[in-house]
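Structure, as structure tokens:
Note that this is a predicted model, so its numbers are computed, not measured. A note on names: the letters A, B, ... follow the listed sequences, proteins ahead of strands, and every chain is numbered from 1.
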There are 2 protein chains.
Amino acid sequence: MNIRTLCLGILSLQEASGYEIKKEIEEGVFNHFIDASYGSIYPALTQLNAEGLLSVRSEEQLGRPDKKVYAITEEGKTVLAKGLSVVPARDKYKSEFLFVMLLQHLLSKQDIGRAMGKQHADLMEDLARIENCNGENCSDEMSNLPGAAFVAGYGRTVLRAAADYLEQCQPELKKQTFKAAE
Amino acid sequence: MNIRTLCLGILSLQEASGYEIKKEIEEGVFNHFIDASYGSIYPALTQLNAEGLLSVRSEEQLGRPDKKVYAITEEGKTVLAKGLSVVPARDKYKSEFLFVMLLQHLLSKQDIGRAMGKQHADLMEDLARIENCNGENCSDEMSNLPGAAFVAGYGRTVLRAAADYLEQCQPELKKQTFKAAE
DNA sequence: TGATGCATGTAATCCGTTACATGATTCA
DNA sequence: TGAATCATGTAACGGATTACATGCATCA
């Protein structure tokens with residue numbers, strides 16, 4: 001799957017501008033398993049629109065570039081449905097943290113502690129974002145989705161398991177709610 | 001971190017050819033959090049050697065290209081240590097599965113079931129690989145490492161949590177040891 | 001006999017990120 | 001006053017994958 005399907009998917013829930021799509025990805029449920037930058041979103045939107053899978057409407061703004069609000073077309077919905085029914089590719093997970101920990105015998109205790117703290121803080125951050133999405137902050141179209149609870153549950157489970165494991169290995173981590181990173 | 005550090009890291013444990021490095025990544029503990037293809041490994045090795053971070057030795061083979069066995073140099077060790085002590089980048093996790101599940105209202109029950117089955121099978125595969133690494137199959141240099149137990153434990157914990165979650169949502173999965181994928 | 005494993009490498013290509021360019025408004 | 005937010009877009013660059021090219025040995 002690519003950014004194209006991602007944009008189509010988000011726009012199937014609510015119309016939005018490129019800027020808003022990025023924000024949704026950064027702050028919403030998506031965050032921990034998807035990322036995308038302006039450099040990929042804007043061109044994708046332009047292309048999708050050219051192909052007739054999206055329609056655009058320009059909203060004038062004061063002292064800002066026009067806001068281009070995109071909406072999915074019927075044709076877009078068809079293409080999206082087709083894209084989603086393909087068996088999803090295997091999850092991709094890359095972790096420098098685990099690589100470093102595997103070679104921990106080459107590091108000082110300080111370095112290891114720092115890496116553990118950073119990893120723990122990252123996990124807590126993701127966890128917090130998921131919890132926030134039930135409350136305010138997130139768009140209703142997203143959180144009211146039948147799939148939203150499942151996805152949030154999956155993320156919560158996995159992240160919590162990882163955090164627990166780290167805390168078990170290094171109990172001091174439990175107290176550090178704030179970032180030990182940098 | 002990049003493939004360069006990865007190669008340096010593996011070669012700090014045992015000398016190996018490009019082919020063997022690939023195999024180690026595919027079949028070893030690394031598998032679930034790192035991947036690399038020949039197209040990136042071979043050029044990296046050539047470059048690292050040119051920079052004096054590795055040394056090479058050619059082993060003649062019958063009816064095959066010479067096997068080039070690389071070993072890390074003292075300079076390479078220094079560079080590796082420096083590379084590892086940098087605070088690791090945040091884990092990257094991408095999941096088409098979760099995206100599809102978020103939009104499950106657009107899919108048939110068959111498609112959802114297939115996606116769940118595939119995800120579960122993938123998790124079990126990764127889990128099995130981790131368990132195998134304690135037994136035969138894997139190089140001792142890897143599994144005897146002080147960090148190996150930690151990394152295996154982390155992977156086991158996270159993957160098991162994910163699999164449990166799926167089984168809880170869809171109990172039929174427990175019986176399917178074999179692949180329901182495709 | 002045909003797939004799989006051993007073994008190395010290159011070139012084309014893809015997909016995406018980073019940095020750059022622009023600029024007003026609002027909040028601290 | 002300076003940072004952050006809103007807002008869109010392009011160009012350069014990076015990093016890796018895929019496919020291609022080659023070819024013997026072994027196993028089923």
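Across C/dT8, D/dA7, D/dC6, the shortest atom-to-atom separation from the side chain of B/S17 is found for C/dT8. Among D/dA7, C/dT10, D/dT17, the nucleotide with an atom closest to any side-chain atom of B/Y42 is C/dT10. Here the side chain of A/Y19 is nearest to one of C/dG9, C/dT17, D/dT8, namely D/dT8. Proximity note for B/S37 (side chain, C-beta onward) versus C/dT8, D/dT8, D/dT18: the nearest is D/dT18. Checking D/dT17, D/dT8, C/dT8 against every side-chain atom of B/K68, the shortest atom distance belongs to C/dT8. Of the candidate nucleotides D/dT5, C/dG9, D/dA16, D/dA16 has the atom nearest to the side chain of B/I3. When distances are taken from the side chain of A/D35 to each of C/dG16, C/dT17, C/dG9, the shortest belongs to C/dT17. Side-chain atoms of A/Q61 lie closest to D/dA7 of the nucleotides D/dT10, D/dA7, C/dG9.
In terms of phosphate contacts, A/K23 brings a side-chain nitrogen or oxygen within less than 4.0 Å of OP1 or OP2 of D/dC6. In terms of phosphate contacts, B/K22 brings no side-chain nitrogen or oxygen within less than 4.0 Å of OP1 or OP2 of C/dC6.
Per the geometry, CG belonging to A/D66 stands 18 Å off P belonging to D/dC6, to the nearest Å. Per the geometry, NZ belonging to A/K92 stands 12 Å off C1' belonging to C/dC14, to the nearest Å. Put simply, CD1 on B/I34 is 11 Å from P on D/dA16, counting in whole angstrom units. Taking atom CD of residue B/E20 and atom P of nucleotide C/dG9, one finds them 13 Å apart after rounding to whole Å. Atom-to-atom, CD1 of B/I21 to P of C/dG9 comes out at 12 Å; the value is rounded to the nearest Å. Here the P atom of nucleotide C/dT17 and the CD atom of A/E26 are 11 Å apart, to the nearest Å. Atom pair B/L6:CG and D/dT17:P shows a separation of 11 Å (rounding to whole Å applied). Taking atom CD1 of residue A/I41 and atom P of nucleotide C/dG16, one finds them 11 Å apart after rounding to whole Å.
If you check the side chains of A/Q119 and B/Y154, you find a donor sitting under 3.5 Å from an acceptor. A donor-acceptor contact closer than 3.5 angstrom links the side chains of B/D91 and A/S95.
Counting only distance, with no hydrogens or angles, the side chain of B/T73 and the backbone of B/L53 share a donor-acceptor pair below 3.5 Å.
Listed by first and then second residue, the salt bridge (charged side-chain N to carboxylate O under 4.0 Å, His left out) pairs that reach into residues 2-15 of chain A are A/R4-A/E51, A/E15-A/R57, sequence neighbours excluded.
Each of B/G39 and B/K94 has a nearest nucleotide on DNA chain C; the 5'-most of these lies closest to B/G39.
Using cut-offs of 30° and 60° on the angle between ring planes, the pair B/Y93 and A/Y93 is perpendicular.
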